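Order of listing sets the numbers, starting from 1, for every ligand and every atom in it. If you're wondering where the values come from, they're calculated on a predicted model, not measured in any experiment.
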Amino acid sequence: MDLKRIGQFIDIPSTAVCLLERPEKEITLAINIRVNQEKHIQTTAYVCLYNTARGPAKGGIRFHPEVNLLETRKLAELMVWKTALVGIPFGGGKTGVMVDTLGFTRAEKTVLVKELVHLIRNELNCGDYIPAPDMGTDAHDMATIFGETHILECVTGKPPRVGGLPGREEATGRGVATATSLMAQQHRLDPAKTTVAVQGFGNVGSWTAYFLHSLGFKVTGISDITGACFLPQGIDTHKLKKDFCINGNNLASCIDCTKIKRDELLEQPVDILIPAAAGGIITKNNAHKIEAKYIVEAANNPVTPEAEEILNERGTIILPDILANAGGVIASYVEWRQARSGSLTPREETYQVIDSAITDSFKEVIAIAAEKKIPYRLAAEVKAVQEVVEAMKDRGWL
Ligand code: NAD
């Protein structure tokens with residue numbers, strides 16, 4: 001976060017800058033574990049509790065071979081702004097484990113998750129850090145964390161049968177679709193005439209495409225790691241989501257449409273482009289090839305700062321990740337609240353909380369953007385930093 005730039009719009013005391021420029025707590029852990037007779041894992045895990053002024057550090061556990069300390073820190077910081085912007089009582093954190101678990105059996109992965117719990121037991125037990133799934137981890141892994149700690153609220157994203165929340169699985173995609181619809185209304189786009197391309201068909205991408213179809217948008221392009229499909233008249237993403245599971249997650253075999261190269265999806269002539277895969281995919285090298293007038297950041301950090309400069313000059317409107325993909329963490333809050341109160345939450349209530357938090361935040365962001373004549377991302381950041389600074393004042397940290 002460029003605090004100097006944000007400081008042009010709000011007062012940030014220098015003591016706050018010091019606190020916000022670095023994480024509160026960062027742990028580097030050596031993992032050394034024999035998973036079974038054949039497999040021995042020696043790797044590194046990074047745990048970052050970036051800021052807890054507004055509540056416990058909330059953020060997912062990522063298992064990926066390219067995880068590193070800087071990326072983990074950046075993602076933890078992003079969670080601080082996301083939770084602040086949408087007004088839920090959490091700070092920001094993240095865990096990254098440098099490991100490729102693609103070929104792992106469920107049992108092998110469970111051994112690794114248990115070892116991680118063993119290493120960060122203090123943070124979990126006292127409620128300082130509340131993990132959730134991220135790339136490479138899933139609801140089963142969160143159930144393992146619950147099983148190891150016996151504390152229902154110490155982890156979110158659990159399966160509904162194990163204290164999880166109906167609607168959590170699709171929550172991020174639901175929020176992305178709601179945010180896209182609000183942006184379309186704001187810019188007077190008629191969903192039926194608005195074309196959308198979604199990059200990524202995992203949890204976030206597939207549910208985003210699903211809900212956009214429900215809202216009447218024309219999803220004309222979809223890609224995943226294996227390739228991309230384009231259908232000018234619009235894809236039935238409800239059917240695609242069903243067929244995708246039946247056909248063993250093979251996107252190309254599910255739709256009768258034009259097959260294009262994977263990265264060509266980003267350059268398709270659509271109104272809205274939704275990157276919902278990895279970070280850093282829109283760079284200074286491909287930004288000028290993007291034809292979409294609107295980008296909705298379903299992934300975290302999909303647009304690099306250099307690319308954003310180019311896109312801003314071209315008049316592309318970007319709905320930032322801290323607003324667009326906050327549906328998941330909003331649902332996590334509902335799950336945490338449910339675990340603490342012992343209540344049960346119907347799926348419709350989860351949707352209602354997501355939609356209303358995203359709508360309120362969207363309105364605040366467009367009001368700040370209009371008043372200060374700044375892009376949506378900067379407006380969202382101004383609001384988020386202000387919330388965290390005020391919380392630090394409330395707590396007597398400044
Ligand atoms: P996932 O692993 O379920 O899905 C990732 C998808 O991206 C897969 O379909 C994969 O095939 C595809 N993909 C990977 N590289 C690609 C490429 N180069 N081109 C096209 N497709 C590619 O992950 P997810 O949970 O859906 O997360 C996606 C993004 O959203 C990540 O950036 C994550 O940090 C972010 N995010 C996730 C959540 C959540 O609740 N899952 C919440 C907020 C943000």
Sub-4.0 Å atoms of ligand 1 with respect to non-hydrogen atoms of [X]:
| X | result |
| --- | --- |
| Asp134 | 34 (O) |
| Ser223 | 20 (C) |
| Gly200 | 7 (O), 12 (C), 21 (N) |

| Taking Tyr50 for the side chain and Lys74 for the main chain, is one N or O donor matched with an acceptor at less than 3.5 Å? |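 No: the side chain of Tyr50 does not pair with the backbone of Lys74.
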| remark: The option among Ala277, Gly59, Ala299 carrying the non-hydrogen atom nearest to atom 13 (N) of ligand 1 is Ala277
| For atom 35 (C) of ligand 1, which candidate among Asn300, Val329, Leu266 provides the closest heavy atom? |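 Shortest heavy-atom distance from atom 35 (C) of ligand 1: Asn300.
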I need the nearest protein heavy-atom contact for [atom]: residue, atom name and distance, please.
| atom | value |
| --- | --- |
| atom 25 (O) of ligand 1 | Asn203 CB, 3.8 Å |
| atom 10 (C) of ligand 1 | Ile225 N, 4.0 Å |
| atom 2 (O) of ligand 1 | Met135 CG, 4.5 Å |
| atom 40 (O) of ligand 1 | Thr172 OG1, 2.7 Å |
| atom 24 (P) of ligand 1 | Val204 CG2, 3.9 Å |

Does the side chain of [X] reach to within under 4.5 Å of the side chain of [Y], using non-hydrogen atoms?
| X | Y | answer |
| --- | --- | --- |
| Glu170 | Tyr351 | yes |
| Thr283 | Glu306 | no |
| Asp138 | Lys109 | yes |
| Val204 | Asn325 | no |

| request: Consider only side-chain N and O atoms of Thr110 and His140, and report whether a donor and an acceptor are under 3.5 Å apart. | output: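 No - no donor-acceptor pair under 3.5 Å links their side chains.
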| So, Gln268 versus Thr220: side-chain donor-acceptor pair below 3.5 Å or not? | no
What do you reckon, does [X] have a nitrogen or oxygen under 3.5 Å from a nitrogen or oxygen of ligand 1?
| X | value |
| --- | --- |
| Gly202 | yes |
| Ala278 | no |
| Arg62 | yes |

| Below 4.0 angstrom, N of the basic side chain to O of the carboxylate: do Glu387 and Lys383 qualify? | yes
| Side chain, backbone, both or neither: the part of Ala276 lying under 4.0 Å from ligand 1 by heavy atom |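 Within the 4.0 Å criterion, Ala276 contacts ligand 1 through backbone atoms alone.
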| query | Heavy-atom contacts under 4.0 Å between Ser206 and ligand 1: side chain, backbone, both, or neither? | reply |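 Under 4.0 Å from ligand 1, Ser206 contributes no heavy atoms.
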| said: Starting from Met135, can I reach Val67 by hopping between I/L/V/M/F/W/Y residues whose side chains sit under 4.5 Å apart? | reply: no
| Can you get from Ile272 to Ile366 by hopping between Ile, Leu, Val, Met, Phe, Trp and Tyr side chains that sit under 4.5 Å apart? | yes
